[in-house]
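Report on the structure given below.
Both ligands and their constituent atoms are indexed starting at 1 by order of listing. By convention here, the first residue in the shown sequence is residue 1.
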Amino acid sequence: MKYDVVVVGAGPAGAIAARCSAKHDANTLIIEEHPYIGSPVQCTGIISIKALDECDLKPESSFVYRNIRGANIYSPGNHCIKIDGGKTKAHVIDRKIFDRILVAKALDEGADLILRTKATALKNNKNGAVLTVRQNGTLQEIQTKVVIGADGIQSSVARMSGLGRVGKILSCIQVEGQYEMADADFVEIFLGNNVAPGFFAWVVPAADSIARIGLCVNSSNSANRSAHQYLKKLLKEHSIVSTRYHGSSTSMVVGGMPVGALKHTCTDAVIIVGDAAGQIKPTSGGGIYTCAVCAKIAGGVASIGDASKKGLELYDTMWRKCIGKELTIGMHIHNTIGNFSDQRLDEFINIFDDQNIMDAVRQYGDMDQPSVLLGKIAPYLNKKQLFTFAGSIIKDFINSK
Ligand SMILES: Cc1cc2nc3c(=O)[nH]c(=O)nc-3n(C[C@H](O)[C@H](O)[C@H](O)COP(=O)(O)OP(=O)(O)OC[C@H]3O[C@@H](n4cnc5c(N)ncnc54)[C@H](O)[C@@H]3O)c2cc1C
């Protein structure tokens, strides 16, 4: 088999990259190790309006469960701040259908798809690559100019091409079950070192009376307890969640969130994109917006046909120009807030009990670009708050150098 571009992985990053490469007349193949697209699902399915736009999709009822206006954020001491966007800011989607629509769009542009086919070996040089795949127990070789590794958190393409692995992986778990939302247009976020050390827990309304309840933990902050143990505790003991959760879950998702992008995302004949490259927002764990931005660039650059590392570096340069700063600042915010004590987290949430700050949040809050908000609220912080919060972020920045 011979193709101009072979995309490994039919998740959102792979589907969007393949769509763009095929659109630019490159003969494109997607391979997916599973027999189905979009399954198993490892996602809460929150997608901003901007992200949906970036995927070139409209919010259709075939995959949108409901609209979300904002968030109720609970501090460790259960002080709640309501962030109300005033209108729909995001959607809760069915990821399985969403992924299938994205792949169908790539096929409409002329890409080919082979399911139950796993990339197992790779030989690459500046003129192209030979990818070995296993299909129904048989190995075969595919010749191509460029391989796009969109193969998620365990990326074998990144490993086989020497680009390595994302350094920090958060452990995540989520169940879907009966839950009485206080307000079905809002998601609930819970902070605290006893709730989800290093990150946060969430409750996201899905279908009627059903919510997705989950959390991520940073294993270096988690006192030897697993994400599963924290979730059990949240559902059974948390003073708010345990009273709203009705004790029966219909599905469970266990996964990882790779935060902190790879140092290099391309080499001779190889581009890495999406979770495989760590292109996920470290503040929220959202990866669909960022992977859509990067996958479009990946598909476009791969279709040019210059397989040399020098040629493909255009991809690395362009995606970092679009979202690199946001991911870097997001990582400093993630490191800083992730290491706060419960007392600091309470103080942090109290900052938002201020009309000027809430106005700024309403006007400039953007779940895909939280750094913009940082600059807008800074003028309203008093000296102590500036020293504590902005100072900690700057300290993390200096320590990372
Ligand atoms: C618990 C949880 C909740 C989340 N919630 C949200 C959310 O609400 N909103 C949001 O924006 N993001 C969310 N994310 C992140 C989001 O799910 C990912 O960022 C997104 O799926 C990344 O897409 P991707 O295409 O890079 O990788 P994936 O979706 O992981 O797709 C990779 C594909 O590659 C295939 N593959 C892997 N290896 C091979 C191989 N060797 N050969 C062939 N195929 C292979 C896999 O089967 C898979 O289909 C969440 C993540 C987790 C863990």
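Among protein heavy atoms, the minimum distance from atom 1 (C) of ligand 1 is reached at Cys172 CB, 3.8 Å. At the top of the distance list for atom 8 (O) of ligand 1, counting protein heavy atoms only, stands Ile46 N, 2.9 Å. In this structure, the protein non-hydrogen atom closest to atom 48 (C) of ligand 1 is Glu32 OE1, 3.5 Å. The protein atom (non-hydrogen) at minimum distance from atom 27 (O) of ligand 1 is Gly152 CA, 3.8 Å. Scanning all protein heavy atoms for the shortest distance to atom 6 (C) of ligand 1 gives Cys43 SG, 3.3 Å. From the protein, the heavy atom lying nearest to atom 17 (O) of ligand 1 is Arg95 NH1, 3.1 Å. Here the protein heavy atom with the shortest distance to atom 15 (C) of ligand 1 is Gly285 O, 3.5 Å. Given atom 25 (O) of ligand 1, the protein heavy atom at minimum distance is Ala13 N, 3.0 Å.
Only the backbone of Thr117 comes within 4.0 Å of ligand 1, counting heavy atoms alone; no side-chain atom from C-beta on gets that close. For Ala150, every heavy-atom contact with ligand 1 shorter than 4.0 Å involves the backbone, none the side chain. Residue Pro12 touches ligand 1 through backbone and side chain together, judged by heavy-atom distances below 4.0 Å. At a heavy-atom distance under 4.0 Å, no atom of Gln174 approaches ligand 1. Only the side chain of Val8 comes within contact range of ligand 1, with a heavy atom under 4.0 Å; no backbone atom does.
Side-chain polar atoms of Thr28 and Ser21 form a donor-acceptor pair below 3.5 angstrom. Side-chain contact annotation: Asp268 with Asn124, donor-acceptor N/O pair under 3.5 Å absent. His79 and Asp353 share a donor-acceptor pair across their side chains, judged by distance under 3.5 Å alone. No side-chain donor from either of Lys309 and His264 sits under 3.5 Å from a side-chain acceptor of the other.
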Determine whether Leu102 and Ile16 satisfy the following criterion, side-chain contact (heavy atoms from CB on, under 4.5 Å), listing intermediate values before the conclusion. CA-CA 7 Å; Leu102 288 178; Ile16 294 168; 4.2 Å; yes
Step-by-step side-chain contact (heavy atoms from CB on, under 4.5 Å) determination, Leu262 to Val166
CA-CA 6 Å; Leu262 288 179; Val166 175; 4.2 Å; yes
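Relative orientation of the Phe190 and His238 rings is perpendicular, given thresholds of 30° and 60° on the angle between their planes. Classification of the Trp202-Phe200 ring pair by plane angle, with boundaries at 30° and 60°, yields perpendicular.
Proximity of Ile47 to ligand 1 is not established, as no heavy-atom distance is less than 4.0 Å. The shortest heavy-atom distance from Gly214 to ligand 1 is not under 4.0 Å.
Short contacts between ligand 1 and Ser156, defined as distances under 4.0 Å to a heavy atom of the residue, involve ligand atoms 41 (N). Which parts of ligand 1 touch Thr44 is read off a 4.0 Å heavy-atom cut-off, strictly below it: atoms 3 (C), 4 (C), 5 (N), 6 (C), 8 (O). Annotation for ligand 1: atoms under 4.0 Å from non-hydrogen atoms of Gly274 are 26 (O). For ligand 1, the atoms lying closer than 4.0 Å to a non-hydrogen atom of Gly256 are 53 (C). For ligand 1 and Met257, the ligand atoms under 4.0 Å from any heavy atom of the residue are 2 (C), 3 (C), 4 (C), 50 (C), 51 (C), 52 (C). The atoms of ligand 1 that sit less than 4.0 Å from any heavy atom of Ile280 are 15 (C), 19 (O). Heavy-atom proximity to Asp151, at under 4.0 Å, picks out these atoms of ligand 1: 32 (C), 34 (O), 36 (N), 37 (C), 38 (N), 39 (C). Close approach to His34 involves these atoms of ligand 1, each under 4.0 Å from a residue heavy atom: 47 (O).
Using a distance-only test at 3.5 Å, with no hydrogens or angles considered, a donor-acceptor pair links the side chain of Gln42 to the main chain of Val254. No donor-acceptor pair closer than 3.5 Å links the side chain of Thr267 to the backbone N or O of Val270. With hydrogens and angles disregarded, no donor-acceptor distance shorter than 3.5 Å links the side chain of Glu176 to the backbone of Ile210. Between the Ser75 side chain and the Gly77 main chain, a donor and an acceptor come within less than 3.5 Å of each other.
In terms of heavy atoms, Asn125 sits closest to Ala269 at O-CB, 3.5 Å.
An N or O contact shorter than 3.5 Å is missing between Val273 and ligand 1 by distance. The shortest N/O to N/O separation between Cys291 and ligand 1 does not fall below 3.5 Å.
Note on Asp151 versus Lys118: no salt bridge recorded, every NZ/NE/NH1/NH2 to OD/OE distance being 4.0 Å or above.
Here NZ of Lys145 is found 11.5 Å from CD1 of Ile304. Values are rounded to the nearest 0.5 Å.
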